[in-house]
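What you see is a predicted model; the values in this text were computed from it and never measured. When reading the values below, keep in mind they use all heavy atoms of this one structure, side chains included, and skip hydrogens, waters and symmetry mates.
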Amino acid sequence: SAEYKTFVSNANRLHVIHTNSRIVFLFMILSYHKPLTQLKPSKSALRKDYKDSSATLEKSIKNHGILNPITVCPSQEDPEILEVLDGVRTLNAANTVGITHIPAIILNITDEAEKLIISITKNTERKSLSAIELADGVYRLRNEFKYTGEEIEGEIRMVPSRQTQLLNLLKLPETVQ
């Protein structure tokens, strides 16, 4: 996965994300609270089922608030909308419990492949994707964005043999998947 480093300086946190020893982007985390009406799941989102653990997450949000900001980027289709790259379950749970604004890290990313890489990286760090969801991400990187197995390995640190194993899962009948 991409290396993600945080440097704390006074009240602001400077974040650097780099992949393969090249800096992809540098950004400051500021306290943004965005209205839920301005947020939608990104097309790069890999999860298919957001229902798992939703009751637990809703209870946590009711009791403690939202502890970690979601990660969003501007939508290419509508400048008023932000796409959620990471945190769709949090967004849905916040909506269910009646929260109107949510803390968000806003990344200035327009490249769809980079959005997908960030989505894969953040979700695999938490081990929150199913094998099929991860396989979908690898499939998209290879077919939609024309990444080679070696390029994918460099971006998300997944060896080509593991990529092949995952891609073989997509050949199974949907009832088995």
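For Asn95 (side chain) and Leu91 (main-chain N/O), no donor-acceptor pair under 3.5 Å exists by modelled atom type. In terms of modelled atom types and a separation under 3.5 Å, the side chain of Glu133 and the main chain of Ser130 share a donor-acceptor contact. Judged by distance alone, with hydrogens and angles left aside, the side-chain atoms of Gln163 form a donor-acceptor pair with the main-chain N or O of Gly149 at under 3.5 Å. Not a single donor-acceptor pair under 3.5 Å links the side chain of Gln177 to the backbone N or O of Ile132. The backbone N or O of Ile117 lies less than 3.5 Å from a partner atom in the side chain of Thr121, making a donor-acceptor pair.
Under a cut-off of 6.0 angstrom, the local environment of CG in Asn108 is sparse, with at most 12 non-hydrogen atoms contributed by other residues, nucleotides or ligands. Counting non-hydrogen atoms of other residues, nucleotides and ligands closer than 6.0 Å to CZ of Phe145 gives a total above 12.
A heavy-atom distance below 4.5 Å is found between the side chains of Lys34 and Leu39. Contact annotation: the side chain of Ile156 never approaches that of Thr124 to less than 4.5 Å [non-hydrogen atoms, C-beta and beyond]. For the pair Glu83 and Pro41, the minimum side-chain heavy-atom distance is 4.5 Å or more. Proximity of Asn68 to Thr90: side-chain heavy atoms (C-beta onward) are nowhere separated by under 4.5 Å. In this structure, the side chains of Ser42 and Val84 stay at 4.5 Å or more apart for every pair of heavy atoms.
Ile152 and Val159 end up in different hydrophobic clusters when Ile, Leu, Val, Met, Phe, Trp and Tyr side chains are linked at under 4.5 Å.
Of all heavy-atom pairs spanning Met158 and Leu134, the tightest one is CE-CD2, 3.7 Å. For the residue pair Arg140 and Ser44, the shortest heavy atom distance occurs at NH1-CA, 3.6 Å. The shortest heavy-atom contact between Leu141 and Ala113 is CD2-O, 4.3 Å. Nearest heavy atoms, Ile66 versus Ala94: CD1-CB, 3.9 Å.
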For residues 169-176, which side-chain N or O atoms pair as donor and acceptor with protein atoms under 3.5 Å away, sequence neighbours left out?
unit_1 : atom_1 : unit_2 : atom_2 : d
Lys171 : NZ     : Asn168 : OD1    : 3.3

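By the 4.0 Å N-to-carboxylate-O rule, Arg142 lies too far from Glu151 to be salt-bridged with it. Taking 4.0 Å as the cut-off between side-chain N and carboxylate O, Lys40 and Glu77 count as a salt-bridged pair.
How far CD1 of Ile102 is from CD of Gln38: 12.5 Å, rounded to the nearest 0.5 Å. Distance check: Cys73 SG to Ile81 CD1 gives 12.0 Å after rounding to the nearest 0.5 Å. Ile70 CD1 to Leu82 CG: the interatomic distance, rounded to the nearest 0.5 Å, is 8.0 Å.
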### Message
Determine whether Glu112 and Lys115 satisfy the following criterion, salt bridge (Lys or Arg N to Asp or Glu O under 4.0 Å), listing intermediate values before the conclusion.
### Response
CA-CA 5 Å; Glu112 292 298 320; Lys115 290 178 189 180; 3.0 Å; yes

